[in-house]
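Okay, structure first, notes after.
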Protein chains: 2
Amino acid sequence: MLESAPDPATDAGAAAAPTGLPILAVASLHGTLLANLRDYIVEGNLAPGARVPERLLCERFGISRTPLREALKVLASEGLIDLLPNRGARVRQLGADEMVALFDVMGGLEALAGRLACEKISDAAYAEIERLHHEMYASYLRRDLHGYFACNQAIHDRIVRAADNEPLATTYANFAGRLRRVRYSANLDQNRDRWGEAMREHEEILDALHRRAGHELSDILFRHLRNKRKAAAVREAAPAPDATEG
Amino acid sequence: MLESAPDPATDAGAAAAPTGLPILAVASLHGTLLANLRDYIVEGNLAPGARVPERLLCERFGISRTPLREALKVLASEGLIDLLPNRGARVRQLGADEMVALFDVMGGLEALAGRLACEKISDAAYAEIERLHHEMYASYLRRDLHGYFACNQAIHDRIVRAADNEPLATTYANFAGRLRRVRYSANLDQNRDRWGEAMREHEEILDALHRRAGHELSDILFRHLRNKRKAAAVREAAPAPDATEG
DNA sequence: GCCCCGAAATTTGCATTCATTTTTCGAACG
DNA sequence: CGTTCGAAAAATGAATGCAAATTTCGGGGC
């Protein structure tokens with residue numbers, strides 16, 4: 001049930017010969033490397049603040065430094081890493097204030113997605129969201145945290161898709177990736193008040209979406225993200241002050 | 001043609017006299033090239049849909065292909081150009097639907113900026129916006145299109161800055177750059193109805209901002225951008241002076 | 001006369017190489 | 001004994017070189 005995200009990055013992908021299906025793979029070798037490297041970093045294989053070892057990654061992905069550095073430049077523009085002049089790349093470490101800023105942008109993007117979704121969503125797509133909502137509610141009653149999260153993410157994802165706006169979807173994915181590293185120590189399991197509140201907010205979300213009330217849905221979604229941020233720990237994964245492990 | 005060729009590569013602090021003050025200058029050579037190339041494309045020196053001539057740009061900027069291609073990859077991730085596998089880069093050409101999508105994202109970002117600005121803006125910053133608003137109104141009464149546009153852009157820029165959110169500002173600048181190519185054939189001069197409407201909307205914007213009514217301001221700004229899009233021509237910029245179209 | 005096929009020329013993508021910088025390690029000095 | 005200076009080692013940034021693909025241009029076939 002965990003998101004059916006296309007994940008061609010089987011991690012290994014090192015010196016293994018591309019004897020599989022090169023046809024589609026060749027279609028965008030650079031794009032493949034970019035996606036793999038992005039996943040590699042987003043997954044947390046490198047500590048925040050740590051140097052990005054070019055040579056090692058070259059060996060791991062079986063390429064030379066040129067395409068790798070191209071990918072690094074792109075990842076820097078995406079905000080995943082910092083590029084220090086003559087000092088290499090480092091995994092971007094999020095401070096508390098930066099995390100707040102990113103959450104606010106996510107809220108704004110979801111608000112926009114909700115507004116657009118109200119204009120464009122089909123009845124079938126709405127029905128699917130409604131189904132997911134009820135499934136999520138069932139998980140909530142069961143105290144099934146895992147199922148709840150899965151449905152939750154699926155719902156937000158469907159709303160973004162229903163907005164039918166490619167730049168929005170891309171930007172949304174970008175920021176979601178940047179925030180993937182933050183650990184939500186405030187598990188809803190130990191924060192039942194927030195869980196109930198979130199569930200009520202989702203009731204409002206579904207209601208507004210049902211009425212195609214874009215303006216309202218927009219506001220609810222932004223506040224929903226705000227509350228989610230407040231409930232989330234403002235601490236990044238693996239603090240590691242000077243863990244510039246080599 | 002006297003080119004305002006941004007050519008820092010001629011004396012890129014390489015050879016002699018490293019004991020000057022190149023510290024800040026050297027700080028970002030790649031960033032300089034990226035900014036220059038981005039401007040070069042955004043300014044419309046290449047026709048939409050035209051191939052991006054690597055060799056020519058290398059000569060123009062006085063660099064080799066490696067840093068140029070790195071910059072191209074970044075610009076592709078920014079959405080300014082398309083990267084076709086084995087077929088080079090092309091200046092992205094906006095279709096009508098893509099332009100609508102971009103405008104909607106701009107509206108969402110401005111809506112977010114307005115909401116955040118209501119939370120964080122200082123009285124001084126508000127006063128400055130109020131001043132710009134009145135100046136814009138004066139330009140409106142004078143039918144001074146140029147002054148009106150300048151104030152208009154300054155106001156929206158101040159709102160984004162008042163939001164005090166770096167990722168938002170960066171994303172906003174990115175989308176603004178993508179839309180810079182669209183030509184607004186619907187000059188307000190010939191569209192006085194829209195001009196008056198826009199002016200009224202700005203009155204609402206200022207009022208909501210004055211009352212720090214983030215929710216309202218958010219909605220007004222989104223609708224403001226929607227109306228702006230409707231008034232704008234859905235036609236992309238005409239072929240550039242140096243039309244290397246093929 | 002038009003279309004299709006094929007080789008030369010240009011272009012793209014990546015690897016390799018080179019100069020410059022940073023970092024590390026060791027020794028001399030205070 | 002701690003500090004600092006300096007040279008070796010590693011890493012970074014950019015240029016060049018090379019194989020593969022594409023585009024272009026010419027010739028042959030229908």
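Because the structure is a prediction, the values reported are computed rather than measured. Proteins come first, then strands; the chains are lettered A, B, ... in the order of their sequence lines, and each starts at number 1. Just the heavy atoms: all of them, side chains too, but no hydrogens, waters or symmetry mates, feed the values below.
Each of B:Leu83 and A:Arg55 has a nearest nucleotide on DNA chain C; the 5'-most of these lies closest to B:Leu83.
Here the side chain of B:Arg87 is nearest to one of C:dT23, C:dC14, D:dT22, namely D:dT22. Taking the side chain of A:Pro67 as heavy atoms from C-beta on, and the options D:dT22, D:dA15, C:dA15, the nearest nucleotide is C:dA15. Of all nucleotides listed (D:dA21, C:dC14, D:dA14), C:dC14 comes nearest to the side chain of B:Arg69. For A:Ser64, the side-chain atoms get nearest to C:dA15 when compared with the rest of C:dA15, C:dG13, D:dT12.
Between the CG atom of B:Leu56 and the P atom of C:dT10 there is a distance of 14 Å, given to the nearest Å. The CD1-P distance, from A:Ile63 to C:dC14, rounds to 8 Å in whole Å. Across the protein-nucleic acid pair, B:Glu70 atom CD and D:dT16 atom P stand 15 Å apart, rounded to whole Å. For the pair A:Leu72 CG and D:dA11 C1', the interatomic distance rounds to 13 Å; values are reported in whole Å. In this entry the distance linking CG of B:Asn86 with C1' of C:dT12 reads 6 Å, nearest Å. C:dC14 atom P lies 8 Å from atom CG of A:Leu33, rounded to whole Å. Separating the CG atom of B:Leu68 from the P atom of C:dT11 is a distance of 14 Å, rounded to the nearest angstrom. Remark: P of D:dA11 and CG of A:Leu57 are 12 Å apart, rounded to the nearest angstrom.
For the pair B:Arg115 and A:Asp104, the salt-bridge criterion is not met [side-chain N within less than 4.0 Å of a carboxylate O].
At a threshold of 4.0 angstrom between heavy atoms, the contacts of B:Leu84 are confined to the sugar-phosphate backbone, with no base atom among them.
A cation-pi arrangement is absent between B:Arg226 and B:Phe103 under the rule of less than 6.0 angstrom and at most 45 degrees off the ring axis.
An OP1 or OP2 oxygen of D:dA14 is reached within less than 4.0 angstrom by no side-chain nitrogen or oxygen of B:Thr66. Contact annotation: A:Arg65 does not reach the phosphate of C:dT16 (side-chain N/O to OP1 or OP2, under 4.0 Å). Between B:Arg51 and C:dT12 there is a side-chain polar atom (N or O) within less than 4.0 angstrom of OP1 or OP2.
Remark: the B:Glu70 side chain and the B:Thr66 side chain contain no N/O donor-acceptor pair separated by less than 3.5 Å.
Between A:Leu75 and A:Arg38, the closest side-chain pair of non-hydrogen atoms falls below 4.5 Å.
A donor-acceptor contact shorter than 3.5 Å is absent between the side chain of B:Asp82 and the backbone of B:Arg92.
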